[in-house]
K.L.:
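Please see the structure below; I have some questions.
Because the structure is a prediction, the values reported are computed rather than measured. Counting starts at 1 for both ligands and their atoms, following the listed order. Hydrogens, waters and symmetry mates are skipped; everything else that's a heavy atom, side chains included, is used.
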Amino acid sequence: MKNIVILISGRGSNMEAIIHAAAAEKWPARIAAVISNRADAVGLRTAALAGIPTATVEHGNYPDRVSFDRALAEQIDFFQPDLVVLAGFMRILSAGFVEHYRGCLLNIHPSLLPSFPGLSTHRRALEAGVRFHGATVHFVTQTLDHGPIVDQAVVPVFEDDVEETLAQRVLSEEHRIYPEAVRGIVEGRIRLDGDHVRRSVRAAD
Ligand code: GRF
């Protein structure tokens with residue numbers, strides 16, 4: 001059994017999709033813990049209701065990013081993770097943190113990277129007039145919203161879209177590709193090889 005630790009900051013709908021898929025599809029992995037940097041994250045309740053251990057490491061209690069990241073890593077490592085999954089975790093991570101989890105830190109970003117890194121991706125996509133938008137699952141590197149791409153989903157942008165309608169269309173796809181990507185990794189079918197993602201039909205021995 002592999003251990004997955006999920007980090008959230010709010011709603012936690014991607015976390016929920018992963019929890020459901022892991023149970024329904026009988027992954028060779030357990031969600032060992034859900035950790036939030038905000039005590040009021042709605043997703044914490046969802047996780048607790050699913051019987052998953054939860055913890056909060058509030059960034060406001062630490063004087064700087066490095067000390068917060070150190071406390072966060074200590075809490076994560078308590079659960080002996082094989083994979084750390086960022087699911088709407090709204091914190092920029094320090095270089096030391098990213099290095100510590102090199103190759104086992106995954107993120108989902110609501111755009112077709114490398115387009116629109118950062119915040120307000122749906123508004124910016126509409127302003128740019130793109131015809132297609134989407135979501136990207138990637139391994140995390142030192143650069144924000146950047147790193148070897150595991151999977152992407154593309155959605156059309158319609159004439160009458162507003163931020164909310166586009167966000168909803170993208171989110172539905174996030175809930176499909178993020179569990180698939182996490183499953184592929186815990187099953188050994190998807191792995192990081194240097195700076196590249198390798199995929200195979202069957203698990204590597
Ligand atoms: C998602 O759109 C994700 O791509 C982004 O933040 C949002 C989190 O939503 N990083 P949720 O908390 O998973 O519902």
K.L.:
Below the 3.5 angstrom mark, is there an N/O of Asn107, backbone or side chain, next to an N/O of ligand 1?
P.N.:
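It does not: no N or O of Asn107 is found under 3.5 Å from an N or O of ligand 1.
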K.L.:
Suppose we measure from atom 5 (C) of ligand 1 to each protein heavy atom; which comes out shortest, and what is that distance?
P.N.:
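Minimum-distance protein heavy atom for atom 5 (C) of ligand 1 reads Pro110 CD, 3.9 Å.
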K.L.:
I want to know if ligand 1 touches Ile108 in the polar sense, i.e. an N/O pair below 3.5 angstrom.
P.N.:
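So ligand 1 has an N or O lying under 3.5 Å from an N or O of Ile108.
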K.L.:
Where's the contact between Met90 and ligand 1, heavy-atom distance under 4.0 Å: side chain, backbone, both or neither?
P.N.:
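For Met90, no heavy atom sits under 4.0 Å from ligand 1.
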K.L.:
Report yes if some N/O of Gly12 lies less than 3.5 Å from some N/O of ligand 1; otherwise report no.
P.N.:
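Yes; at least one N/O pair falls below 3.5 Å.
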K.L.:
Suppose we measure from atom 8 (C) of ligand 1 to each protein heavy atom; which comes out shortest, and what is that distance?
P.N.:
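Looking at atom 8 (C) of ligand 1, the protein heavy atom closest to it is Gly88 CA, 3.6 Å.
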K.L.:
If hydrophobic clusters are built from ILVMFWY residues whose side chains come within less than 4.5 Å, do Ile76 and Ile31 share one?
P.N.:
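Different clusters: Ile76 never reaches Ile31 through Ile, Leu, Val, Met, Phe, Trp or Tyr contacts under 4.5 Å.
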K.L.:
According to the interplanar angle, ranging from 0 to 90°, do the rings of Phe68 and Phe89 count as parallel (below 30°), tilted (30 to 60°) or perpendicular (above 60°)?
P.N.:
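Aromatic pair Phe68/Phe89 classed parallel.
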K.L.:
So, the side chain of Asn107 versus the backbone of His138: is there a donor-acceptor pair under 3.5 Å, distance only?
P.N.:
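Side chain of Asn107 to backbone of His138: no pair is present.
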K.L.:
Which protein non-hydrogen atom lies closest to atom 2 (O) of ligand 1, naming both residue and atom, and how far is it?
P.N.:
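Result: Glu174 OE2, 3.0 Å.
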K.L.:
So if I count the atoms of ligand 1 from 1 in the order they appear, which ones are less than 4.0 Å from some heavy atom of Arg11?
P.N.:
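That gives atoms 9 (O), 11 (P), 12 (O), 14 (O) of ligand 1.
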K.L.:
Going by an N to O cut-off under 4.0 Å, is there a salt bridge joining Glu99 and Arg102?
P.N.:
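So Glu99 pairs with Arg102 through a salt bridge.
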K.L.:
How far apart are the C-alpha atoms of Thr121 and His109, what are their side-chain angles, what is the distance that settles it, and do they pass the side chain to side chain donor-acceptor pair (under 3.5 Å) test?
P.N.:
CA-CA 9 Å; Thr121 56; His109 182 74; 5.2 Å; no
K.L.:
Hey, does His109 come in under 3.5 Å of ligand 1, counting only N/O atoms on both sides?
P.N.:
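N/O-N/O distance under 3.5 Å: no.
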K.L.:
Run the salt bridge (Lys or Arg N to Asp or Glu O under 4.0 Å) test on Glu127 and Arg123 for me, step by step, so that the C-alpha distance in whole Å, both residues' side-chain angles and the decisive distance to 0.1 Å come before the verdict.
P.N.:
CA-CA 6 Å; Glu127 281 168 6; Arg123 181 172 52 71; 3.1 Å; yes
K.L.:
In plain terms, say whether Arg176 and Glu173 are close enough for a salt bridge, that is, a side-chain N and a carboxylate O under 4.0 Å apart.
P.N.:
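Answer for the salt bridge query: yes.
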